[in-house]
Amino acid sequence: MNKLTLAAIGIALLLDAGAAYAAQLHAAVKDQRGKPVADAVVLAVPVDPKAAAHARSPADAVDQVDKQFLPYVKAVYVGSKVRFPNKDNIRHQVYSFSPPKQFELPLYAGSEAAPVLFDKPGVVVLGCNIHDWMVGYIYVSETPFFATTDAAGAATLEDLPPGEYLVRVWHPGMEQAEQSLVKRLTVGADDAAKVDWQLAVKPSLRVPRVSGAANPGYP
Amino acid sequence: MPYRGPLSTATLITCVYAILAAGVPYAARGDWNVGAEASVMHDNNVGNAESYSDIVSDTIVGATLSVFQLFPIGEGYSLTVGANLNGEHYNLLTGLSNATAGASVALKKKWGLGAFAPWARAEFSVAHSDYNDDYRNASIYRGSLAAGRRIDERWNLWAEYSYERRNAASQPEEVPGISGDAFSESSNNLSLHVEYSVYTNTYLNVAAIFRHGDFVSTQEEGSYQILNSARAIAEDPAFGEEDYAYRLTGTTIGFKAGVNYSTTAHSLIGFDFRRFDTRAYGGNDYTKSIVEITADYAF
């Protein structure tokens with residue numbers, strides 16, 4: 001058996017192994033008026049914890065561009081280290097008071113700030129102490145199977161091992177409790193399961209970025 | 001005819017704006033912050049006159065360009081250094097059209113992190129206004145103390161006290177024994193502001209305004225009462241050949257109510273109404289209402 005044949009067999013085995021984890025979950029999220037909801041985090045928590053036993057926590061990043069956090073909502077797996085590259089030409093001072101992770105990155109420019117470890121699941125609200133209107137969210141997921149909806153309100157969770165899942169959704173503006181939206185779902189190999197939610201989303205109130213000459217609060 | 005200086009307001013505005021506009025691309029990229037505002041305002045009593053026959057209303061078109069830089073200087077403190085240019089064009093009272101160039105420095109203290117931390121700010125500014133009718137040209141000095149706190153995403157409260165001094169050139173005495181320095185004035189000002197977010201991009205704001213100090217009232221030849229209470233009198237041909245400006249002292253109570261709408265993350269349009277009732281020592285009470293539409297852009 002020559003090396004070429006061995007390589008072909010290896011690739012075939014890898015493809016076969018991948019096929020066993022090829023299940024997908026397509027999620028659609030709409031609001032109370034039927035409009036698509038962007039920036040919703042969809043999570044699939046395997047009922048059998050072994051399904052996520054080998055998942056790793058990759059490094060991730062939340063950028064600051066044009067004095068905004070980008071993306072507005074970032075989902076990461078618990079244990080991930082997240083960097084906060086500042087792509088503006090001014091300095092930012094990123095902080096969070098949220099119980100899952102309280103931290104402060106003193107004023108910095110560029111990529112000087114050390115990555116932050118998110119080791120507890122939950123919602124972490126980000127802010128900048130200089131630019132009060134800057135708000136962002138990091139959703140620290142207890143499961144490695146998650147995705148964030150796009151502008152069309154759609155998200156696809158890839159490579160789900162076959163099995164039973166508790167699937168739920170979270171959005172910064174949703175009025176329902178997260179646990180009240182849990183759905184139980186079974187996916188088989190090669191499945192392309194679908195799930196959808198209709199959320200009651202309240203309008204997001206933000207600190208005004210431009211406040212005119214009258215407001216001396218900023219700078 | 002009123003005397004007009006060799007450099008017209010329009011020329012001054014154009015020159016200074018051209019210089020600043022050339023710097024905007026650098027400023028927008030760098031550590032500087034740049035903002036611009038355009039406004040249209042209607043003032044129903046520009047001359048602060050009491051009697052109906054003396055009241056003149058006018059519409060004023062304005063533009064402001066401001067540049068500032070923020071220097072964080074330690075635990076919770078920041079220093080802001082800024083400059084601004086403002087131009088106003090009066091539709092009828094063209095002699096009042098003016099250009100103002102100013103600079104400011106402010107020290108801000110924030111107690112804690114985040115948007116909801118209470119803050120206080122001390123600011124000093126100096127500016128020079130150049131009018132089409134030069135006799136109104138003035139240097140303006142202003143010191144202010146402000147403090148506030150955003151309660152939550154909806155409610156924002158702040159208060160400001162300021163002392164303002166305008167120094168203008170003294171004019172020839174019109175009445176023997178009474179100063180001709182009618183356009184110099186000083187005042188103490190206090191304002192309390194409440195801002196409320198109605199919806200995602202819509203904000204209401206109301207303010208109570210108190211002012212005590214000098215004000216200039218322009219009218220035709222005055223009564224014994226106003227002559228007796230005026231601290232200075234000068235001709236004011238911007239309003240008419242027979243008009244005089246009287247520097248009086250009084251107390252103003254006013255309010256402001258407005259609505260702002262963020263059209264984009266960088267821009268804001270606003271509409272507000274202001275009403276002022278002034279009681280002068282020795283008479284000459286007057287009222288004034290102002291309606292203003294503004295468009296702001298922050299780079």
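The sequence lines fix the lettering, A, B, ..., with proteins before strands; numbering per chain opens at 1.
Atom NZ of A/Lys30 is surrounded by 12 or fewer heavy atoms from other residues, nucleotides or ligands within 6.0 Å. Within 6.0 Å of CG in B/Leu190 there are more than 12 heavy atoms belonging to other residues, nucleotides or ligands. More than 12 heavy atoms of other residues, nucleotides or ligands shown are found within 6.0 angstrom of CZ on B/Phe71. The environment of NZ in A/Lys194 is sparse: at most 12 heavy-atom neighbours from other residues, nucleotides or ligands sit within 6.0 Å.
Considering every non-hydrogen atom in both A/Asn129 and B/Gly112, the closest pair reads OD1-O, 3.9 Å. Minimum heavy-atom separation, A/Tyr95 to B/Leu113: CB-CD1, 3.8 Å.
Ranked by non-hydrogen atom pairs under 4.5 Å with chain A, the options B/Ser144, B/Ala117, B/Ala115 are led by B/Ala115.
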Next item on the list: Assess whether side chain to side chain contact (heavy atoms under 4.5 Å, CB included) is satisfied between A/Asp132 and B/Lys110, documenting all intermediate values.
Entry: CA-CA 12 Å; A/Asp132 286 343; B/Lys110 204 171 170 184; 3.1 Å; yes

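Contact annotation for residues 197-206 of chain B against chain A (heavy-atom separation below 4.5 Å, listed by residue number): B/Ser197, B/Tyr199, B/Thr200, B/Tyr203.
The CD1 atom of A/Ile90 sits 6.0 Å away from the CG atom of B/Asn33 when rounded to the nearest 0.5 Å.
Using a 4.5 Å heavy-atom threshold, the side chains of A/Val135 and B/Glu153 count as separate.
When heavy atoms are compared at a cutoff of 4.5 Å, B/Ser267 approaches chain A solely by way of its backbone atoms N, CA, C and O.
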